[in-house]
Amino acid sequence: MPSVPADVPAIRSALLDWYDAHARALAWRHGPGSTARPDPYRVWLSEVMLQQTTTPHATPYFLAFTARWPTVSDLAAAEDADVMAAWAGLGYYARARNLLACARAVAGEHEGVFPDTEAALLALPGVGAYTAAAVASIAFDRAANVVDGNVERVMARLCAVETPLPAAKPELKSLAASLVGDHRPGDWAQALMDLGATVCRPGKPLCEVCPLTAWCAGFRTGAPERYPLKTKKADRPRRSGVAWVLRDDLGRVALVRRPDKGLLGGMLGLPTSDWSAAPDAAPPVVAEWREAGAIEHVFTHFALTLSVQAAEGEGDFVWVEPQEALKALPTVFRKALERGLA
DNA sequence: TACTCGTGGCT
DNA sequence: TAGCCAAGAGT
């Protein structure tokens, strides 16, 4: 078990100084050391959007959501379909369902005001250990232990942790906890994450500009990029199926609302076969189907080839104008629809 | 605990 | 190009 970093006050001071000079300007962030109290709604919304999602990808969604729903009460009053459509393309759609559930819990059970403790935040839908700690520290100035993938990597390098992920998670969290303090908790959390994102990067870390090299055991090994160690992941299987692009005499596209649970849950989608079926699976309605090609899409745990067939016809579907459908669909269906319309 | 759950950019 | 990776949560 690696020891707690020596000289905690010096490490904290060095990183906070670095943050004051190098903090990134982000849509949801006030300047470092700002006395303006961040809006908990915006902090929470940004943290949910940033779960497993890059800043460039999340930023336009954050701007669109805050423009359309300026407060948590506005979001709580939104239609489910509008929120799911606005989330389309961002991925991990359970986040959008939980986002609405959380907004409605805050509006209905907390009088529209976000709770200001880590424990109370943790009880909200879609708010886990990371997000509860992040909102508590950034929005409410609580000394919470904010641990994401960046922080895990920084700790693994700083302390040269030889245990591979994911088994090392408790150890890395404990190391991060030893550095948390009451001074500028929100800035501390963001400084650690910014350092991981821009300096202590997964590949080719920029140790020459890092404020922590004096204390970094990984740096002293000469190969800091080796950390954190990881156990090998299983190979990604390949699946296939058929997607059907059916258009009525007005040119509208036939869509289906997917069940709330499971892949792409709660989202609109094209009618498809099972994604293990042979390409001759039975179409949803009788029509003169023609081959329109195929699309590839890679999910987290499998790769998918969808053969696309197109036809004109009628049936019991959600009929949507093609331009609207393209905006409201998850990427895999957007790709298939574009192929079917071509 | 281990698996499910998206997407796009980078190497 | 095929894998890696990103401010994780729910089950």
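For the numbers below, each heavy atom of this structure counts, side chains included, while hydrogens, waters and symmetry mates do not. So that the names make sense, note that chain A is the first sequence line, chain B the second, and so on, each numbered from 1.
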How many Å lie between CZ on A:Arg236 and P on B:dT7, as a whole number? 13 Å

A:Gln52 side-chain proximity, nearest of C:dA9, B:dT4, C:dA6: C:dA6

Residue closer to the 5' end of DNA chain C, A:Lys261 versus A:Tyr92 (nearest nucleotide): A:Tyr92

C:dA9 P sits how many Å from A:Leu122 CG, rounded? 9 Å

On the side chain of A:Arg24, is there an atom forming a donor-acceptor pair with the base of C:dA7 - under 3.5 Å, no angle test? yes

Can you find a donor-acceptor N/O pair under 3.5 angstrom joining the side chain of A:Thr131 to the base of C:dG8? no

Taking for A:Leu124 and for A:Glu47 the nucleotide of DNA chain C with the nearest heavy atom, the one nearer the 5' end belongs to A:Glu47

Nearest nucleotide by nearest heavy atom, which residue falls closer to the 5' end of DNA chain B, A:Val298 or A:Pro166? A:Pro166

In terms of the angle between their ring planes, are A:Tyr41 and A:Trp44 parallel, tilted or perpendicular, with boundaries placed at 30° and 60°? tilted

Row check, A:Phe302 ring normal vs A:Arg239 NZ/CZ: under 6.0 Å, within 45°: yes

Candidates B:dC5, C:dA6, C:dA7 - which lies nearest the side chain of A:Pro202: C:dA6

Atom CG of A:Asn150 and atom CG of A:Leu192: how far apart are they, to the nearest 0.5 Å? 8.5 Å

Whole-Å gap separating C1' (B:dG6) and OH (A:Tyr61): 10 Å

Minimum-distance nucleotide to A:His297 side chain [options: B:dC5, C:dA6, B:dG6]: B:dG6

Can you tell me the distance, in whole Å, between the CG atom of A:Leu263 and the P atom of C:dT11? 16 Å

Rounding to an integer number of angstrom, what distance separates C:dA7 and B:dT4 when you compare their P atoms? 24 Å

Specify the separation, in whole Å, of atom CG of A:Leu50 and atom P of C:dG8. 8 Å

Choosing from C:dA7, B:dG6, B:dT7, which nucleotide comes nearest the side chain of A:Pro330? B:dT7

Specify the separation, in whole Å, of atom CZ of A:Arg153 and atom C1' of C:dA6. 9 Å

In whole Å, what separates the C1' atom of B:dG9 from that of C:dA9? 24 Å

With a 3.5 Å cut-off and heavy atoms only, can you find an N or O donor on one side and an acceptor on the other between the side chain of A:Thr53 and the base of B:dG6? yes

Taking A:Arg12 for its side chain and A:Leu179 for its backbone only, find out whether a donor-acceptor pair lies under 3.5 Å. yes

Enter the distance from A:Thr59:OG1 to A:Met49:CE here, rounded to the nearest 0.5 Å. 10.0 Å

Please state how far atom CG in A:Leu100 lies from atom P in C:dG10, giving the value in whole angstrom units. 15 Å

Of the listed nucleotides B:dT7, C:dC5, B:dT4, the one nearest the side chain of A:His301: B:dT4

In whole angstroms, how far is the P atom of B:dG9 from the CZ atom of A:Arg201? 18 Å

